[in-house]
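These numbers come from the heavy atoms of this one structure, side chains and all, not from hydrogens, waters or symmetry mates. So you know, we letter chains A, B, ... as the sequences are listed, proteins then strands, and number each from 1.
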Number of protein chains: 2
Amino acid sequence: MSDEAQRLKQARDEFVAQWGAMGSQWGINRTMAQIHALLMTAVEPIGTDDVMAELEISRGNAHTNLKELVTWGLVRVVVKKGERREFFEAEKDVWKIFTIVTRERKKREIEPALAVLSRCSEGSRGMKSAEGQAFHSQMQQLEEFVGFASKVADRVGSMKHGFAVQLAAKLLG
Amino acid sequence: MSDEAQRLKQARDEFVAQWGAMGSQWGINRTMAQIHALLMTAVEPIGTDDVMAELEISRGNAHTNLKELVTWGLVRVVVKKGERREFFEAEKDVWKIFTIVTRERKKREIEPALAVLSRCSEGSRGMKSAEGQAFHSQMQQLEEFVGFASKVADRVGSMKHGFAVQLAAKLLG
DNA sequence: ATCTACTTTCAGTATTCACTGAAACCTTAG
DNA sequence: CTAAGGTTTCAGTGAATACTGAAAGTAGAT
């Protein structure tokens, strides 16, 4: 193997390992993040067995996490003609990756919070005691803010890349 | 206990429980989120023993998570005169809470990612093979995007509430 | 209809992460 | 100094989560 090919393999392994470690920090399961890293840096679609071999994981594990990535929309299933098995290919456009992750995190983090806050705010409406009023007010403020974050996430998530860049340039300028 | 006081207790318990459950989703430990919820809805500073009693957790657990909340900056230590023990009080301003969480998440999620990407991008600079170039390009794009997200987080985190509201109004308008 | 090449599921196991409770450690008061 | 009141640490335990491997399921090919 050439020197460069070795360096490349090393760099890629490092990326896969570290991206996986990062996944934990992000509340995403390590294997899923590793598979994602592997696919993002693959030149062409790869199959379940390649994933198993590369990451030294079981078929079940590879399967589950590949399907989860497909559910998120970060990975597509590809069928090659003349091949019976499925191959997988990751979305590589960073802006698309970002909007997908934004959408998922909104679903998982913001929306449940909003539901909780709504109920707590509603359940304490019109209380007479100082404590009751303070609680209601706190719930209302949180609800308003989170609702607002939810709208921002929607808006940003549906922007075209170019527009987002413009907006951000203004923000940072 | 009056009817209203009961309703309040119920609503507050629900908030604490649900906020805790949410914490898991957010990659924050459940107890820490529960303590935070408890403190956010407390009328006055409370002590370790109150937290232990309210959440039915051990001293060690209460202690560790209270200190972690203090480290984050979401909770302050308060000393009452004539009292030897420490009391705790949460920041209640939602915008401040938001900026603190933004700062912490940037530190925990964005900065390590950036470091990884830098190294991988650097380590694959100037490769000749198509694979090497594709890898380098992918790393560069990710690095650029994440670096950018980092700056946005800084900027938003240091905004005054009023300014952020204005900006957001424009964004959502 | 049967074989073959895969995909999917899931009970059991391993790993990781959080919690307990008790001991060690401060700090102020007497 | 010693005692009392309070805080901090941490080894051991428990709960949650992820992973394995093998069996069951599916679908195209013969």
Side-chain angles (χ1 to χ4, degrees), chain A residues 16-39 45-72 75-89 108-109 112, chain B residues 16-39 45-72 75-89 108-109 112:
Chain A
V16 170
Q18 294 296 321
W19 202 250
M22 285 257 342
S24 314
Q25 219 71 13
W26 283 62
I28 286 161
N29 125 7
R30 211 185 72 236
T31 304
M32 185 169 150
Q34 284 179 340
I35 297 179
H36 185 224
L38 193 67
L39 287 168
I46 64 182
T48 306
D49 292 86
D50 303 317
V51 172
M52 288 166 64
E54 192 71 38
L55 302 180
E56 299 179 30
I57 59 175
S58 72
R59 184 172 301 282
N61 195 10
H63 174 79
T64 306
N65 285 294
L66 278 166
K67 285 298 146 112
E68 187 67 8
L69 283 164
V70 171
T71 303
W72 276 52
V75 167
R76 279 180 294 277
V77 176
V78 175
V79 280
K80 290 191 187 177
K81 51 185 169 183
E83 283 274 14
R84 226 149 115 177
R85 64 207 160 107
E86 294 183 330
F87 289 80
F88 300 90
E89 176 185 56
R108 272 150 226 270
E109 300 180 355
Chain B
V16 169
Q18 295 295 322
W19 201 250
M22 284 259 340
S24 314
Q25 221 70 15
W26 282 63
I28 286 161
N29 120 13
R30 208 184 75 238
T31 306
M32 184 169 152
Q34 284 179 340
I35 296 179
H36 185 223
L38 193 67
L39 286 169
I46 65 183
T48 306
D49 293 87
D50 303 317
V51 172
M52 289 166 63
E54 193 70 38
L55 303 179
E56 298 180 29
I57 59 176
S58 73
R59 183 171 301 282
N61 195 12
H63 173 79
T64 305
N65 286 294
L66 278 166
K67 284 298 148 110
E68 186 68 7
L69 283 164
V70 171
T71 302
W72 277 52
V75 166
R76 278 179 295 276
V77 177
V78 176
V79 280
K80 290 192 187 175
K81 51 185 171 184
E83 284 274 12
R84 221 149 118 181
R85 64 207 160 108
E86 295 182 329
F87 289 80
F88 301 89
E89 176 185 56
R108 272 149 226 269
E109 300 181 354

Let me know the distance between [atom1] of [X] and [atom2] of [N], rounded to the nearest Å.
{"X": "B:I35", "N": "C:dC19", "atom1": "CD1", "atom2": "P", "answer": "9 Å"}
{"X": "A:L66", "N": "C:dT8", "atom1": "CG", "atom2": "C1'", "answer": "13 Å"}
{"X": "A:K80", "N": "C:dC6", "atom1": "NZ", "atom2": "C1'", "answer": "16 Å"}
{"X": "B:L55", "N": "C:dC19", "atom1": "CG", "atom2": "C1'", "answer": "13 Å"}
{"X": "A:E83", "N": "C:dT7", "atom1": "CD", "atom2": "C1'", "answer": "15 Å"}
{"X": "B:R85", "N": "D:dT8", "atom1": "CZ", "atom2": "P", "answer": "14 Å"}
{"X": "B:E86", "N": "C:dC26", "atom1": "CD", "atom2": "P", "answer": "15 Å"}

Heavy-atom nearest pair, B:V51 first then B:A62, reads CG1-CB, 4.2 Å
For the residue pair A:G23 and A:A33, what are the closest heavy atoms and their distance?
-> CA-CB, 3.9 Å
From A:T48, A:D49, A:T64, residue fulfilling side chain to side chain donor-acceptor pair (under 3.5 Å) relative to A:R59 =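 It is A:D49, the one option of A:T48, A:D49, A:T64 that forms the side chain to side chain donor-acceptor pair (under 3.5 Å) with A:R59.
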Given the rule in the side-chain contact (heavy atoms from CB on, under 4.5 Å) test, do A:M32 and A:L69 qualify, once you have shown the distances and angles that lead to the verdict?
-> CA-CA 7 Å; A:M32 185 169 150; A:L69 283 164; 3.8 Å; yes
Less than 4.5 Å apart, any side-chain heavy atom of A:Q34 and any of A:W19?
-> no
Can you find a pair of side-chain heavy atoms, one from B:Q25 and one from A:P112, that are under 4.5 Å apart?
-> no
Could A:K67 and A:E86 be called an ion pair, given the rule that one side-chain N must be under 4.0 Å from one carboxylate O?
-> yes
Step by step, work out the side-chain contact (heavy atoms from CB on, under 4.5 Å) result for B:L38 and B:D50.
-> CA-CA 10 Å; B:L38 193 67; B:D50 303 317; over 6 Å; no
Nucleotides 10-30 of chain D: protein proximity per nucleotide (B base, S sugar-phosphate only, - neither; heavy atom, under 4.0 Å) | --------SSBB-----BB--
Atom pairs, protein N/O to nucleotides 1-3 of chain C N/O, distance under 3.5 Å:
none

Between A:L39 and A:F88, does a side-chain contact (heavy atoms from CB on, under 4.5 Å) hold up when you go through it step by step?
-> CA-CA 8 Å; A:L39 287 168; A:F88 300 90; 4.2 Å; yes
Taking only N and O in the side chain of A:H63, is any of them less than 4.0 Å away from OP1 or OP2 of C:dT7?
->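 Answer no for this pair, as no side-chain N or O of A:H63 is under 4.0 Å from OP1 or OP2.
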